Amino acid sequence: MASQARLQRALASDTPEERAVVPLIPPADVGVKLDNIQGDVYPTFPKKYEAFIFFTIKDAPSFRQCLGTFGAESITTSAKTIEYLQRIQLVRRGNIENTTKALADVPNQFNIAFSHAACELLHIASIHDEVFMRGMLKDAHGLGDIAGPKSKLGHFVPDWDEHWMDHDNPIHGVVVLASQ
């Protein structure tokens, strides 16, 4: 019984951590394909928990083969994310009787992102974006990162943990997992 009361309080909450806000102007109104955008990019996942799994590709052909088994249907698109947000919104408004089941039907959500170096390794066509092609490390100053202790006049080094700047084991991508 206490868990049911806790669920009802969470559903009534307006805190960002427990949000269920459906965007007022969906990108579909301007011709954007919601099935071609990852859901944590727009409108962002409804989540209480989120994990980031960073990876380095050591064997591109094997990685590419494994990636094929992951399947595009595993990726949570913007369209799916909006559907989940609408379901949560209906629950919060009391328009769904079985709130526990309705929220259980919002599955874990997955996205994956690659660096430009990973795209080159995997022979993924370039998007021809100079900032993306340079990478986050080379553009850290432009992204607003703080200068680290190794910075000198004319040479910016961000205040990052060393493993994020390891040129022998670069970060090629990240898998994002979010859950209720």
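All values reported here derive from a predicted model rather than from experimental measurement.
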- Between A178 and K47, what is the shortest heavy-atom contact and its length?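 Result for this residue pair: CB-CB, 3.8 Å.
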Check side-chain hydrogen bond (donor to acceptor under 3.5 Å, both in side chains) between D35 and all other residues, then give those that pass, not counting sequence neighbours.
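D35 satisfies side-chain hydrogen bond (donor to acceptor under 3.5 Å, both in side chains) with no other residue.
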Q. Can you list the residues that meet the side-chain hydrogen bond (donor to acceptor under 3.5 Å, both in side chains) rule with H116, with sequence neighbours excluded?
A.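 With sequence neighbours excluded, H116 shows a side-chain hydrogen bond (donor to acceptor under 3.5 Å, both in side chains) to E120, given in chain and number order.
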Just jot down the side-chain contact (heavy atoms from CB on, under 4.5 Å) partners of [X], sequence neighbours excluded, or say none.
X    : answer
F63  : F55, I57, L67, F114, L122
T76  : F45, K80, T81, Y84, Q109, N111
A113 : V174

Strictly by salt bridge (charged side-chain N to carboxylate O under 4.0 Å, His left out), give each pair with a member in residues 161-170 just once, sequence neighbours left out.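 Qualifying pairs, neighbours excluded: K150-E162.
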Suppose the criterion is ring-ring contact (aromatic ring centres under 6.0 Å, His included): which pairs have a residue in residues 143-166, not counting sequence neighbours?
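ring-ring contact (aromatic ring centres under 6.0 Å, His included) check on residues 143-166 returns F54-W164, H141-F156.
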- Query: Among all residues two or more places apart in sequence or in another chain, which pass the salt bridge (Lys or Arg N to Asp or Glu O under 4.0 Å) test with R134?
  - Reply: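 Result, salt bridge (Lys or Arg N to Asp or Glu O under 4.0 Å) vs R134: D139.
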Rest of the hydrophobic cluster containing M133 (Ile/Leu/Val/Met/Phe/Trp/Tyr, side-chain heavy atoms under 4.5 Å)?
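Its cluster mates, by chain and number: none.
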Using a side-chain heavy atom cutoff under 4.5 Å and only I, L, V, M, F, W and Y, what cluster partners does F132 have?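 Via sub-4.5 Å side-chain contacts, F132 links to I127.
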According to the side-chain hydrogen bond (donor to acceptor under 3.5 Å, both in side chains) rule, which pairs have a member within residues 52-62, sequence neighbours left out?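 Only K58-N169, D59-S62 qualify under side-chain hydrogen bond (donor to acceptor under 3.5 Å, both in side chains).
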Is there a path of hydrophobic side-chain contacts, each under 4.5 Å between heavy atoms of I, L, V, M, F, W or Y residues, that connects F52 with M136?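 Yes, it is one cluster - the side chains of F52 and M136 are joined through contacts under 4.5 Å.
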- Query: How long is the span from the CD atom in E83 to the CG atom in L34, to the nearest 0.5 Å?
  - Reply: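 Between atom CD of E83 and atom CG of L34 there are 11.5 Å.
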